[in-house]
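Order of appearance sets the numbers: ligands from 1, and atoms from 1 within every ligand.
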Amino acid sequence: MTILVTGGAGYIGSHTVVELLNEGHEVVILDNLSNASVTALSRVEQITQKSLTFYQGDVLNKAFLQKVFTDHPIHSVIHFAGLKAVGESVEQPLRYYENNVTGTLTLCEIMNEFNVKNLVFSSSATVYGDPASLPITEDFPTSATNPYGQSKLMVENILSDLYQADNTWNIARLRYFNPVGAHPSGLIGEDPNDIPNNLMPFISQVAVGKRDKLSVFGNDYNTHDGTGVRDYIHVVDLARGHLQALKKLNTNPGLVTYNLGTGQGYSVLEMIHAFELACQKPIPYQIASRRSGDIAACYAAPQKALTELNWQASHTLEDMVMSSWHWQSNNPNGYSD
Ligand code: NAD
Ligand code: UDP
């Protein structure tokens with residue numbers, strides 16, 4: 001099957017493309033490279049010994065999308081393309097809504113035009129806001145506290161409306177918890193453009209000597225050690241979840257929604273200590289004040305994906321930190337090395 005992967009040069013996209021190629025799919029990637037390097041794609045080809053088709057362009061560009069859909073017999077679309085920095089979304093809400101919401105609308109319009117109606121959408125656990133209890137099941141109420149989260153929620157609602165209006169669509173809304181880690185080859189991984197916002201790339205950059213120390217945002221949360229707890233999931237497990245979602249779409253399920261998480265929460269301090277074991281050096285850190293908008297704890301109930309997608313995470317915390325370190329130590333400056 002030919003799968004169109006928007007944002008396929010990015011962190012989760014590139015890992016998913018590896019799994020798609022390994023399963024024998026034809027892969028067409030569309031990415032504007034606003035937060036990615038084309039080197040990731042040559043590394044994907046190196047890992048899989050298979051070739052892919054790449055178009056540099058924007059999901060907001062209708063004529064460009066029409067060309068891609070004309071040139072290829074696209075069966076399904078995995079839509080990763082989006083902007084993802086929470087803080088930046090607060091400063092630049094219009095850019096985030098335009099890119100994430102209008103971008104998805106444009107993609108869906110063109111899919112409709114070409115009668116391609118199988119879509120996997122990258123949503124996020126952020127749509128659960130501050131959950132009233134844990135673990136989080138898919139039927140929990142949704143809310144958003146920043147434009148990034150709002151854009152994910154808006155798209156989720158748009159996709160639901162689209163399905164209500166035309167139930168020949170098959171749509172999987174995948175709510176990712178916290179993707180970390182890298183491909184075991186050490187050839188692809190997360191390569192933030194700027195100062196990392198997320199915990200794991202920040203720790204990796206401290207370990208490799210690019211940053212002096214980590215700030216731990218708050219140690220007075222109501223968690224076992226006072227620091228924030230999250231459900232970290234290995235990016236290869238996450239990538240494989242997309243293949244299972246595609247299989248599900250082939251059974252004509254309509255609109256479906258799944259948590260992709262492990263069900264296990266780790267604190268910031270636990271992540272630091274696990275990483276120290278992996279890199280065999282101390283990670284200097286200081287306790288700082290809480291980051292605005294952060295919640296104490298968040299982890300998934302992953303049972304629905306197990307039952308309906310036959311998917312569950314298999315990588316351990318050690319796999320996550322070891323693979324992150326393997327990638328970062330082999331590529332201290334990411335793809336620009
Ligand atoms: P990423 O930035 O590495 O990948 C996104 C890719 O989309 C990049 O390669 C970027 O160049 C491309 N892109 C952005 N806007 C585009 C546009 N208008 N047209 C074409 N290409 C465009 O991010 P990622 O971590 O791989 O995330 C992928 C998706 O998963 C995003 O939608 C993100 O919001 C979502 N998500 C990520 C996380 C996370 O923590 N990484 C968590 C939950 C959800
Ligand atoms: N965090 C931290 N220092 C950092 C980045 C993150 O202490 O430099 C904490 C953050 O407060 C949260 C956890 O690490 O408790 C995960 O944060 P991340 O930004 O990676 O994911 P999200 O907040 O989106 O779940």
Completion exercise
Expected contact list for ligand 1 at under 4.0 angstrom, heavy-atom basis, is Gly7, Ala9, Gly10, Tyr11, Ile12, Asp31, Asn32, Leu33, Ser34, Asn35, Ala36, Gly57, Asp58, Val59, Phe80, Ala81, Gly82, Lys84, Asn99, Ser122, Ser123, Ser124, Tyr148, Lys152, Tyr176, Pro179
Exercise for the section: Using a strict 4.0 Å threshold on nitrogen-to-oxygen distance, state whether Glu308 and Lys247 make a salt bridge. Expected result: no
Practice task
Would you check if the side chain of His72 reaches a backbone N or O of Ile74 as a donor-acceptor pair within less than 3.5 Å?
Solution key: no
Practice task
Indicate whether the side chain of Ser123 and that of Glu156 have a donor and an acceptor atom separated by less than 3.5 Å.
Solution key: yes
Completion exercise
Distance filter under 4.0 Å, heavy atoms only, around ligand 2 gives Asn178, Asn197, Asn198, Leu199, Leu214, Ser215, Val216, Phe217, Gly228, Arg230, Tyr232, Val268, Arg291, Asp294
Practice task
Give a yes or no on whether the backbone of Leu255 and the side-chain of Arg173 come within a donor-acceptor separation of less than 3.5 Å.
Solution key: no
Handout entry: Under-4.0 Å salt bridge between Glu276 and Lys281
Key = no
Handout entry: Under 3.5 Å: donor-acceptor pair, side chain of Asn146, backbone of Gly149
Key = yes
Handout entry: Salt-bridge contact Glu19-Arg240 (side-chain N to carboxylate O under 4.0 Å)
Key = yes
Problem - Cation-pi check, Arg230 onto Tyr299 ring (under 6.0 Å, within 45° of axis) - result: no
Problem - Face-on cation placement of Lys213 at Tyr285 ring, 6.0 Å and 45° thresholds - result: no
